[in-house]
Amino acid sequence: MNKTRSLRVWIGVLWFSVTACPPVRADAGPFSIGGRAVDFVPADGSPEWMGGAQARLRLPLFFGVEGSVDYRRETFGADTAHEWPMMVTGLLYLPKIILVQPFILGGVGWYNTTVEGPSGFSDTQNRFGPHVGAGVEVNLDSRWFLDATYRYVWLNELHTVDAQGVPHNIRDSGHMITAGLNYRL
């Protein structure tokens, strides 16, 4: 059900880009900031839409770099994980298709995660993990643009304890979809 919702977001952004967006003009700068919605689907958890922010710098030729921070809350049975992923991502822009600027991406993230469980269990873990994916930018005018990305994120397992005190490892790697609204400075 949630995968269908994510696919609808992608189709909606692509449809909007082809039918309603004017081309970008050269009066906007290479730096942009914006907010984004995040849907992360971990292997052992349930998908939930969360929020975050991102900043991008368009470099010469067809390169760019993105920094982002999000908030994520995931439920794994009786356990809840609160996570603040901070990612640095390199972007490789591909040739523009009509009004859509596609790109491929790769980078790393630092994940500060607090796991809360039954009987007052609480543990904070810090993990690093790489990610790869692809995305598109869709220009609304010379300053504003939408973006949508897909990433696969590799993370180490989360360690937790169930209500009976038995330790468990939770697979937290998974698919991440973002949709953002950005402003070029």
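These numbers were taken from a predicted model, which means no experiment stands behind them.
When side chains are defined from C-beta on, Leu91 does not count as touching Phe63, because their heavy atoms never get closer than 4.5 Å. By the 4.5 Å heavy-atom criterion applied to side chains, Ser122 and Thr114 are counted as neighbours. Looking at Arg151 and Leu105, their side chains come closer than 4.5 Å, going by heavy atoms from C-beta outward. Here the side chains of Tyr111 and Phe128 are not in contact, with every heavy-atom distance at 4.5 Å or above.
To the nearest 0.5 Å, atom CG of residue Leu61 and atom CZ of residue Arg58 are 10.0 Å apart. Taking OH of Tyr183 as the start and OG of Ser32 as the end, the distance is 11.5 Å to the nearest 0.5 Å. Summarising the geometry, atom CD belonging to Glu116 is positioned 11.0 Å from atom CG belonging to Asp123; distances are rounded to the nearest 0.5 Å.
Under the 4.5 Å side-chain heavy-atom criterion for Ile, Leu, Val, Met, Phe, Trp and Tyr, Ile33 and Leu146 are members of the same hydrophobic cluster. Leu140 and Phe31 end up in the same hydrophobic cluster when Ile, Leu, Val, Met, Phe, Trp and Tyr side chains are linked at under 4.5 Å. Put simply, Trp84 and Met176 are part of two different groups of oily side chains (I, L, V, M, F, W, Y) that touch within less than 4.5 Å, one to the next. Linking ILVMFWY side-chain heavy atoms closer than 4.5 Å, directly or via other members, places Trp110 and Val108 in two distinct hydrophobic clusters. Linking Ile, Leu, Val, Met, Phe, Trp and Tyr whenever their side-chain heavy atoms come within less than 4.5 Å puts Leu57 and Trp144 in one cluster.
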Candidate pair Arg56 and Phe145, rule side-chain contact (heavy atoms from CB on, under 4.5 Å), full reasoning: CA-CA 12 Å; Arg56 287 190 180 160; Phe145 69 94; 3.9 Å; yes
Derivation and outcome, side chain to side chain donor-acceptor pair (under 3.5 Å), residues Asn139 and Glu137: CA-CA 7 Å; Asn139 296 311; Glu137 290 181 359; over 6 Å; no
Audit row: Tyr150, His175, ring pair (Phe, Tyr, Trp, His ring centres under 6.0 Å) steps and yes/no: CA-CA 7 Å; Tyr150 167 85; His175 305 276; 5.6 Å; yes
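The pair Arg127-Glu157 does not count as a salt bridge, with every side-chain nitrogen at least 4.0 angstrom from each carboxylate oxygen. Look at Asp172 and Arg72 and you find a salt bridge, because one of the NZ, NE, NH1 or NH2 atoms lies within 4.0 Å of a carboxylate O, short of that distance.
Ile177 and Trp49 make their closest contact through O-CZ3, 4.3 Å (heavy atoms, listed as atom of the first residue, atom of the second, distance). Listed here is the closest heavy atom pair of Arg143 and Leu185: NH1-C, 3.5 Å. Of all the heavy atoms in Arg73 and Met50, the pair that sits closest is O-CE, 3.1 Å. Here the shortest heavy-atom pairing between Ser173 and Tyr152 reads CB-OH, 3.7 Å. Residue Val153 comes nearest to Met87 through the heavy atom pair CG2-CE, 4.3 Å, listed as atom of the first residue, atom of the second, then distance. Of all heavy-atom pairs between Arg184 and Asp141, the closest is NH1-O, 4.1 Å.
Each of Thr89, Thr178, Asp147 was evaluated against Gln54; a single residue qualifies, Asp147, per the side chain to side chain donor-acceptor pair (under 3.5 Å) test. Of the options Thr149, Asp70, Asn182, a side chain to side chain donor-acceptor pair (under 3.5 Å) to Arg36 is made by Asp70 and by none of the others.
For the pair Gln101 (side chain) and Leu94 (backbone), a donor-acceptor distance under 3.5 Å is present.
Side-chain N/O atoms of Thr113 and Glu83 include a donor and acceptor closer than 3.5 Å.
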